[in-house]
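I have placed the structure first, in the form of structure tokens, so that the comments after it can refer back to it.
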Amino acid sequence: MDMSLWKDALFVMVIGMGTVFVFLTVMIWAMDFNGKVLQFVNKIWPEELPQEAKPARRTAQTSDDEEVALAIACAMAKAGKHAA
């Protein structure tokens, strides 16, 4: 085989791998810088947290036993099992 072909292949490989290395290094620096900028901006304008909805109040008509029985019945119906 011709040695100039190997030299050209090695040159293209080094250029390609070098380009990928430089791109990934710049991308990591950019992401790190972006994180620092966002931390600074978040100190100035903090993000508003959504308010949690309060659970619905149960009425006096339903008891815990009725709810548990209903949940068990629904689960058994979904599973296809019939009560004896």
Side-chain angles (χ1 to χ4, degrees):
M1 282 196 101
D2 192 16
M3 236 7 195
S4 68
L5 210 59
W6 282 101
K7 288 180 185 177
D8 290 343
L10 184 64
F11 178 72
V12 169
M13 182 186 72
V14 169
I15 294 296
M17 292 178 77
T19 302
V20 169
F21 178 76
V22 169
F23 172 77
L24 291 176
T25 304
V26 170
M27 185 179 72
I28 289 171
W29 286 342
M31 289 174 63
D32 187 46
F33 178 71
N34 187 27
K36 290 178 182 178
V37 168
L38 288 177
Q39 284 178 352
F40 177 73
V41 169
N42 203 17
K43 286 180 184 177
I44 296 173
W45 296 291
E47 186 176 337
E48 292 182 17
L49 298 176
Q51 296 293 329
E52 292 184 20
K54 294 182 180 179
R57 295 172 50 187
R58 289 191 286 178
T59 62
Q61 297 172 351
T62 59
S63 68
D64 288 337
D65 292 339
E66 291 175 350
E67 290 181 7
V68 170
L70 180 62
I72 292 172
C74 290
M76 289 180 68
K78 181 75 174 176
K81 297 180 181 178
H82 300 288

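Note: hydrogens, waters and symmetry copies are ignored here, and every other heavy atom, side chains too, is used.
- Other residues, nucleotides and ligands contribute at most 12 non-hydrogen atoms within 6.0 Å of the CE atom of M31.
- Every residue meeting the salt bridge (charged side-chain N to carboxylate O under 4.0 Å, His left out) condition with K36, not counting sequence neighbours, appears here in chain and number order: D32.
- In this structure the side chain of N42 never reaches within 4.5 angstrom of the side chain of Q39, judged on heavy atoms.
- For the pair T25 and F21, the tightest heavy-atom approach, listed with the atom from each and the gap, is OG1-O, 2.8 Å.
- In the hydrophobic cluster analysis, where Ile, Leu, Val, Met, Phe, Trp and Tyr join through side-chain heavy atoms closer than 4.5 angstrom, M17 is grouped apart from V20.
- From D65, atom CG reaches atom CG of L70 across 12.5 Å, with rounding to the nearest 0.5 Å.
- Note: the hydrophobic cluster containing F33 also contains I44 (ILVMFWY, side chain heavy atoms under 4.5 Å, direct or indirect links).
- A continuous path of Ile, Leu, Val, Met, Phe, Trp and Tyr side chains, each step under 4.5 Å between heavy atoms, connects V37 with W45, placing both in one hydrophobic cluster.
- The local environment of CE in M13 is crowded, with over 12 non-hydrogen atoms from other residues, nucleotides or ligands closer than 6.0 Å.
- Criterion: ILVMFWY side-chain heavy atoms under 4.5 Å apart, direct or through other members. Under it, M3 and L10 are not part of a common hydrophobic cluster.
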